[in-house]
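Note sheet for the following structure.
Each chain gets a letter, A, B and so on, in the order the sequences are listed, and its residues count up from 1.
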Number of protein chains: 2
Amino acid sequence: MRNAPDLRVYLVTDAEQCESMGRSVLETVEAAVEGGATCVQLRAKTSDGGPFLDEVCEVANAVGDQVPVIVNDRVDVFLAARALGVPVAGVHVGQSDLPAKVVREMIGEVAFLGLSVGTDEEARIAASEGVADHVGLSVLRTTATKTNTPDVLGYDGCERLARLAVMPSVAIGGVGIDDMAPLKARGVNGGAVVSAICCAEDPKQAARDLLNAWSSAPDAGRQEATGVSDR
Amino acid sequence: MRNAPDLRVYLVTDAEQCESMGRSVLETVEAAVEGGATCVQLRAKTSDGGPFLDEVCEVANAVGDQVPVIVNDRVDVFLAARALGVPVAGVHVGQSDLPAKVVREMIGEVAFLGLSVGTDEEARIAASEGVADHVGLSVLRTTATKTNTPDVLGYDGCERLARLAVMPSVAIGGVGIDDMAPLKARGVNGGAVVSAICCAEDPKQAARDLLNAWSSAPDAGRQEATGVSDR
């Protein structure tokens, strides 16, 4: 199996949400990483390549040596940042972005490659292609952050897709602190949050609380061994 | 000086405009190339990477051996297409896209690299950086195709920026058949058209007419020699 990032508390940035709280993306990320975020994905669906590259370089130069910084969608921005010597760790693509197989060829074997899956079929294909090192289970539930989202998976769907994908997984879509234990119990490897950190009064504390919630929850194996289940 | 594409009749695609005329982008491009378009830039500002890659592959496989097919903005789509063995010729970037210097490193020395310039300063920087092989003079005049456009250059501005950039140039922004002779007289190397072909009743004939208008016009050197001027 490929090497995957630590997915436990996976921050996905939303510039508008950060700004609505009076913080820059960089400030939000720095606080979250200080609090315990284990991975950061930079997403800027509406930015042009130039400003997005600037943001990626700024954030990765600040925290890229502490946690993996992953670039959403724009493989060229990742490649450009890497060419500039910036410590970016990988790329995340969705089903309508560049095909994972092609992206893997472009970024090489060492970089992280996450792939969003929303159906059993997509999870099976991710497993059989074997080019991604982790999957985003998209979406746990509906949310205001992403429009045009696929069907809601719920905990059952997340567990099923995680098993079908046969690689580390992180759930996304309305993930909050109360989801951490149930997700862990279902064998998912982390929770990807947007508003739970970007819209938090104190993003450092929010990340710390999320990590504590994850760490203090029993893991899937132990639960099964003790017969405990939240189904 | 670097090798640059034949810029005389440079088609920039707009999927909505093509569809409004009941044609696909591919059908429009094929007709235009048959008529005499000398270069094709595929632009899809609102498409995700996957569908845009599909379009680039489809079009470049159809006409990429006849004319240069240039990918707008998405360097990763260009690199992906090239990795798939598709005959794409280069990339075009604007001032808010990935920096031309970084793009040149990513695409190598052989691929075409066009850069939009809209001010004297941008044209001077393009010249001093020396990484682009041609510039898009943006914009000749205002147009409905692009929103948020820079200042209008007019013929005088196009001529001035083309000289400052010290490389082949193509004007864009509301370019129509009547602009071909004046642009040629000002030392510009071609006209980039969107609606003049995408919205034409007959895109093949439109491209032919544009090429004829260019070819039958006296070139800048001859005009100066005979004392003719359109100023």
Determine the option with the most heavy-atom pairs under 4.5 angstrom with chain A, choosing from B:V75, B:V102, B:L98, B:V93. B:L98
Rounded to the nearest 0.5 Å, what separation is found between the CG atom of A:L7 and the SG atom of A:C39? 6.0 Å
Roughly how far apart are B:I70 CD1 and B:L11 CG, rounded to 0.5 Å? 12.0 Å
For the student: nearest non-hydrogen atoms of A:P87 and A:V69, plus distance: O-CB, 4.5 Å
Side chain to side chain contact (heavy atoms under 4.5 Å, CB included) partners of A:A81, counting only residues at least two apart: A:L53, A:V56, A:C57, A:V86, A:V88
Rounded to the nearest 0.5 Å, the CG atom of B:L161 sits from the CG atom of B:L153 at a distance of 5.5 Å
First locate atom CG of B:L137, then atom CG of B:L183, and finally report the distance between them rounded to the nearest 0.5 Å. 8.5 Å
Scan chain B against chain A and return every donor-acceptor pair whose distance is under 3.5 Å.
unit_1	atom_1	unit_2	atom_2	d
B:D48	OD2	A:S96	OG	2.5
B:G50	N	A:S96	O	2.8
B:G50	N	A:D97	O	3.4
B:D73	OD1	A:R74	NH2	3.4
B:R74	NH2	A:D73	OD1	3.4
B:V75	N	A:D76	OD2	3.0
B:D76	N	A:D76	OD2	3.4
B:D76	OD2	A:V75	N	3.0
B:D76	OD2	A:D76	N	3.4
B:S96	O	A:G50	N	2.8
B:S96	OG	A:D48	OD2	2.6
B:D97	O	A:G50	N	3.4

